[in-house]
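Quick notes on the structure that follows.
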Amino acid sequence: MSVSPVPRALTLAIVGDVHEAWEPEDGLALQHLGVDLVLLVGDFGNESVATVGAIAQVPLSKAIVLGNHDAWYTATDWGRKKCPYDRTQEDRVQQQLDLLGEAHVGYGYRDFPELGVSVVGGRPFSWGGPQWQHQRFYCDRYGITDFETSTAKILEAVQQTATSILIFLSHCGPQGLGDRPEDPCGRDWKPLGGDFGDPDLAAAIITTQQMGKRVPLVAFGHMHHQLRHTQQRTRRMTHVDEAGTVYVNAAWVPRIVKTPGESRRNFSLIRLQGETVTEVAVVWVTAKGTIVSKQILYRATIATSQSA
């Protein structure tokens, strides 16, 4: 049974691909910012159990999905060959999952009834792309063998949520946001171009919208904001579909920049008013939560969004 959303403005923080760029000050900064919910899109390191453990201890409401680097030595044949630890003695993928517990929503969900929202996770450990990959890994861990069964797994979580306002959280974004190199999930390596979003996530979002549930936000990372083939422009990090769903790629890498006397850290801040995303901003903050730089990526009034 669905519960009514809390009709108040929420501030959400999305933490983009970490790649071991995480410090205790990150947790302090998030607390100082006063965010209601933290969304983390994965790629904490190459199966970096220590980084995941530190993030798991942050005392804030959070939802997390693990990325392809979080199964770097486990999901692929070449990764298993290069693995620096004894995989017969350790399962670092499972160690990360155990540390995160219910905060990890990959192929699952987490309700936040006090906020009036639920977070549904897409396919964890995703590398993106139109071809199904790492069949052994997904079959062994989740019983998933193709995009169709993956979509069904995501929708199974959707059907169990306690609220009607859903946020999708995934490592790679969905297919359908453009096929140019600078698009949110566009291929920016040779051959240039092509949509490298997840088809299973795209199908799950469309079906969820057709079910009458509201999807104001889809948060992801994976494709970094700096393009590999040019320094003349950066990736387009937001997209809005015909249903009014706002898609945010939060993978600003590196996310910590050292400056004289202090470090500045990156977050994407989302303002959510009821069923509507009203603002998306990229901010750089100090450990005390002081915003030293803010770039508005998207802004909409509630009236405009609801009439669209």
Side-chain angles (χ1 to χ4, degrees), residues 12 14-18 37-44 62-71 75 93 96-97 100 102-112 117-135 137-139 141-161 165-177 184-185 195-211 213-223 237-239 241 243 245-251 268 270:
L12 285 59
I14 311 175
V15 181
D17 297 29
V18 170
L37 178 63
V38 184
L39 306 172
L40 298 102
V41 303
D43 268 10
F44 299 113
K62 54 187 177 291
I64 301 168
V65 67
L66 291 169
N68 60 298
H69 278 267
D70 304 314
V93 169
Q96 293 173 88
L97 291 168
L100 295 175
E102 63 180 6
H104 185 259
V105 297
Y107 279 151
Y109 72 99
R110 191 173 190 184
D111 293 321
F112 297 92
V117 302
S118 298
V119 180
V120 175
R123 171 166 35 108
F125 310 106
S126 173
W127 292 61
Q131 304 299 321
W132 183 254
Q133 302 181 68
H134 318 310
Q135 184 166 351
F137 175 79
Y138 283 108
C139 186
R141 290 197 173 260
Y142 298 105
I144 302 298
T145 57
D146 51 29
F147 286 128
E148 288 73 21
T149 54
S150 183
T151 297
K153 184 75 170 176
I154 299 169
L155 289 173
E156 183 180 314
V158 167
Q159 293 168 348
Q160 296 181 66
T161 57
I165 300 178
L166 306 186
I167 295 168
F168 276 89
L169 177 64
S170 189
H171 178 58
C172 185
Q175 190 179 73
L177 307 186
C185 301
D195 188 341
F196 241 65
D198 284 345
D200 45 346
L201 178 62
I205 292 169
I206 291 171
T207 300
T208 301
Q209 293 169 331
Q210 293 172 344
M211 291 166 59
K213 290 181 179 287
R214 183 73 175 99
V215 184
L217 175 66
V218 179
F220 56 95
H222 188 49
M223 300 294 197
M237 305 301 276
T238 61
H239 180 89
D241 69 14
T245 297
V246 178
Y247 299 77
V248 179
N249 181 343
S268 295
I270 313 297

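Atoms considered below: every heavy atom in the structure, side chains included; atoms not considered: hydrogens, waters and symmetry mates. Please read all numbers here as calculations on a predicted model, not as lab measurements.
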Considering only heavy atoms from C-beta outward, does the side chain of [X] approach that of [Y] to under 4.5 Å?
X    : Y    : answer
V41  : H222 : no
I167 : L39  : yes
R214 : T245 : yes
R123 : Y138 : yes
V218 : V248 : no
I165 : P216 : yes
L166 : T208 : yes
Y109 : L169 : no

Looking only at non-hydrogen atoms, find the nearest pair between [X] and [Y] and report the distance.
X    : Y    : value
C185 : M223 : O-CE, 3.7 Å
L201 : G122 : CD1-CA, 4.2 Å
V105 : E102 : CG1-O, 4.4 Å
V120 : A157 : CG1-CB, 4.2 Å
A250 : I14  : CB-CG2, 3.4 Å
Y247 : P174 : CE2-CG, 3.6 Å

Would you find a donor on one side and an acceptor on the other, under 3.5 Å apart, between the side chain of [X] and the backbone of [Y]?
X    : Y    : answer
H104 : V65  : no
W132 : T145 : yes
D43  : V18  : no

What distance separates [X] [atom1] from [Y] [atom2], expressed to the nearest 0.5 Å?
X    : Y    : atom1 : atom2 : value
F168 : I154 : CZ    : CD1   : 7.0 Å
K213 : T161 : NZ    : OG1   : 3.5 Å
L66  : S126 : CG    : OG    : 12.0 Å
F220 : N249 : CZ    : CG    : 4.5 Å
D200 : S170 : CG    : OG    : 7.5 Å
R110 : L37  : CZ    : CG    : 9.0 Å

Check your understanding: So, D111 and Q160: side-chain donor and acceptor under 3.5 Å apart, yes or no?
Key -> no

Practice item. Test H239 against V246 for side-chain contact (heavy atoms from CB on, under 4.5 Å), laying out the working first. Key: CA-CA 6 Å; H239 180 89; V246 178; over 6 Å; no

Practice item. Give the C-alpha distance, both sets of side-chain angles, the deciding distance and a yes or no for side-chain contact (heavy atoms from CB on, under 4.5 Å) between H171 and D17. Key: CA-CA 9 Å; H171 178 58; D17 297 29; 3.5 Å; yes

Practice item. Would you sort out whether D146 and Q135 count as a side-chain hydrogen bond (donor to acceptor under 3.5 Å, both in side chains), showing the intermediate values? Key: CA-CA 8 Å; D146 51 29; Q135 184 166 351; over 6 Å; no

**Study point:** Ring geometry between F125 and Y142 (parallel below 30°, tilted from 30 to 60°, perpendicular above 60°)
**Key:** tilted

Exercise for review: Take Y107 and S150 through the side-chain hydrogen bond (donor to acceptor under 3.5 Å, both in side chains) test and state the conclusion after the steps.
Suggested key: CA-CA 8 Å; Y107 279 151; S150 183; 2.6 Å; yes

